[in-house]
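For the numbers below, each heavy atom of this structure counts, side chains included, while hydrogens, waters and symmetry mates do not. We number each residue from 1, following the sequence as shown. None of the values given here were measured: they were computed from a predicted structure.
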Amino acid sequence: MAKAMPDQKSGDAATAAANPLEFHVYGPRNLSSISWKDLLSSSWKNSNYRRMVIACFIQGAYLLELDRQEKRDERTGLAPQWWRPFKYRLAQVLVDERDGSIYGAVLEWDHQAALSDYIPFRPTRAPAAVVALRGTLLRAPTFRRDVVDDLRFLAWDSLKGSVRFAGALAALRDAARRFGVGNVCVGGHSLGAGFALQVGKALAKERVFVECHVFNPPSVSLAMSLRGFVETAGELWGRARAWIPYVGSQPAVDTSGGDGHSESEARASLAQSGMGRWLPYLYINTNDYICCHYSDAAGGTATVAVDSGGGNGGGKAGVATMLVVSKGPSKFLAAHGLEQWWADDVELQVALNHSKLIDRQLRSLYAAPPAALRARS
C-alpha cells in the first residue's frame, strides 16, 4: 500500500531525505492545513475534508508502529507528520501489552500549536479527540497478534474477546467522558475498521453515540455467512407456512411480531424515542473482496431508525451512510489500501439505502430482546 521506493540512482542521501512514507511524499496533495481562516469557515464542515483528515490520522497510527519497529525516535519519527498539520497532538498510544505493538492512537486538539498560528479556539466540527485504529501489518513483530484478530473476526464475526477491543473501548469511553460525545470520533481501516465499528456499537448500547468512520471494514465472516443462511431459511419457511392453511380451521396467526405492521410500528417507536442515533460512516471499494459484501442490498429487510444527521439530531428515521468508490483503484491491494481515501481525485457516491450487514448490526443494536430472554435474565 506504500508507494514505490525512490530510484536507487538518486542515492542514499535522497532516500534519507525523502522517505516514501513522509506526509509530503505519500500524503494528500491539495489538502490545506488548518489556519485562522477556519474560524470563519471551518474546513471540518466539508465531508470530504473530514474523510481525508481522519484517513491521515489512521495512517499516523500505522506509522507509530512502523516507527517503533524501525527504532525512529520523536525527532525522526514519521507518524507526527500525519496529524501536526491539522493542529492535533498525540495524547495516548494504544499498546498491546502482550507484544508491545501499537495498534492505535488517541489524538487531541493541540491548543498551543493552534495559538501559534493565531487560532484561539477549535474550528466548528473539528473533533476535540480522535481515536485512530490501524489495520493488519504483515510484519514479524506484530504479525501474530494481528492475524489472530483477523481469524477471530473470520470465525466469530466479533472482536470482543481481543485485548485490543478492550483497550480501544476504554480509550473511546474516556475521551467521550472528558470532551463530550459530540466532540469525539473513532476511525479505523481494515481490521482497525472492524474494531472501530464494534467499539462504536458497544458504546451505542450504552446510549453513548460517537461518530464513527470506517474504511474498508472486513465483511468476510464464516459466522455471518452461516447466520445469514439460517435467517434466510427461516424467512422462507415462514413464507411457506403462511400459504398452508389448517384443515377445518382458520389460517394460522403469526404471533412472533415479525409481520410488516409490527415492524413499521417498531420503526416508528424507535424514531420517536430517539434511540437510533448512532450513524456509522462506511467507506467501501467494491473491488476489495474484504469489504465488498457491505454493498449487498438488504432485499427488503426492516430498516431501523437512525439519525440521518450524524448523531446530533433528534432521532429521525434513516439509514447508515455508505460511500462507495465509483472511480478508483480496481486491483485488490490498491482497492483495500488507505491511500485512496485521502486522494483528492477519488470519486465517491452514496450507495444504497439498505445493506444486509449494517442492517443486521443495527437491528441487533436497537431491537428489543424477546420476552423469553427478558424473563430469563
Side-chain angles (χ1 to χ4, degrees), residues 33-36 38-39 42-47 49-61 64 79-80 82-95 102-117 119-134 164-189 192-193 195-215 274-275 277-281 306-307 309-315 321:
S33 301
I34 292 289
S35 69
W36 64 268
D38 283 272
L39 300 177
S42 175
S43 299
W44 281 94
K45 292 181 179 180
N46 185 289
S47 59
Y49 182 90
R50 199 173 188 85
R51 162 182 54 83
M52 294 166 72
V53 174
I54 293 176
C56 288
F57 289 169
I58 298 168
Q59 176 68 12
L64 278 172
W82 291 81
W83 56 72
R84 283 178 180 166
F86 312 108
K87 310 308 177 191
Y88 282 80
R89 65 179 181 86
L90 180 63
Q92 181 184 353
V93 177
L94 303 182
V95 179
I102 298 171
Y103 62 90
V106 180
L107 305 174
E108 296 180 1
W109 176 256
D110 191 340
H111 294 281
Q112 292 184 349
L115 282 173
S116 67
D117 284 341
I119 308 173
F121 52 86
R122 184 162 40 93
T124 304
R125 291 213 67 194
V130 178
V131 178
L133 304 171
R134 68 165 177 85
R164 298 178 179 184
F165 175 88
L169 179 60
L172 186 59
R173 183 184 284 120
D174 180 66
R177 177 186 58 80
R178 291 188 294 120
F179 296 106
V181 175
N183 296 315
V184 175
C185 69
V186 59
H189 172 249
F195 277 113
L197 198 58
Q198 294 199 0
V199 297
K201 180 178 175 181
L203 282 187
K205 289 183 178 180
E206 302 173 9
R207 298 186 62 79
V208 178
F209 305 105
V210 174
E211 187 175 329
C212 181
H213 294 261
V214 289
F215 302 86
M275 284 183 61
R277 290 184 291 167
W278 183 59
L279 182 66
Y281 293 84
V306 295
D307 181 2
N312 298 319
T321 297

Tell me, please, which residues at least two apart from [X] pass side chain to side chain contact (heavy atoms under 4.5 Å, CB included).
X      : result
Ser35  : Lys37, Asp38
Gln112 : Asp110
Leu115 : Pro120
Ala196 : Leu133, Val186, Cys212, Val214

[X]: partners by salt bridge (charged side-chain N to carboxylate O under 4.0 Å, His left out), with sequence neighbours left out:
X      : result
Arg173 : Glu206
Arg177 : Asp174
Arg51  : none

Ignoring hydrogens, what is the shortest heavy-atom contact between Ile54 and Gly187? Give both atom names and the distance.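 Nearest heavy atoms, Ile54 then Gly187: CG2-CA, 4.4 Å.
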Q. Which pair of non-hydrogen atoms, one from Val208 and one from Ala176, has the smallest distance, and what is that distance?
A.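 Taking Val208 first and Ala176 second, the nearest heavy atoms are CG1-CB, 4.2 Å.
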- With sequence neighbours excluded, what pairs up with Asn183 under the side chain to side chain donor-acceptor pair (under 3.5 Å) test?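 Partners of Asn183 by the side chain to side chain donor-acceptor pair (under 3.5 Å) criterion come out as none, since no residue qualifies.
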When rounded to the nearest 0.5 angstrom, what is the spacing between [atom1] in [X] and [atom2] in [Y]?
X      : Y      : atom1 : atom2 : value
Lys45  : Arg50  : NZ    : CZ    : 11.5 Å
Trp109 : Phe179 : CH2   : CZ    : 12.5 Å
Leu172 : Leu203 : CG    : CG    : 5.0 Å

Name every donor-acceptor pair, under 3.5 Å, that has one atom in a side chain of residues 83-95 and the other anywhere in the protein, sequence neighbours excluded.
| unit_1 | atom_1 | unit_2 | atom_2 | d |
| --- | --- | --- | --- | --- |
| Lys87 | NZ | Asp117 | OD2 | 2.3 |
| Tyr88 | OH | Pro127 | O | 2.5 |
| Arg89 | NH2 | Glu108 | OE1 | 2.9 |

Name all residues meeting the ring pair (Phe, Tyr, Trp, His ring centres under 6.0 Å) criterion together with Tyr49; count only those two or more places apart in sequence or in a different chain, and write none if there are none.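 By the ring pair (Phe, Tyr, Trp, His ring centres under 6.0 Å) rule, Tyr49 matches Trp44.
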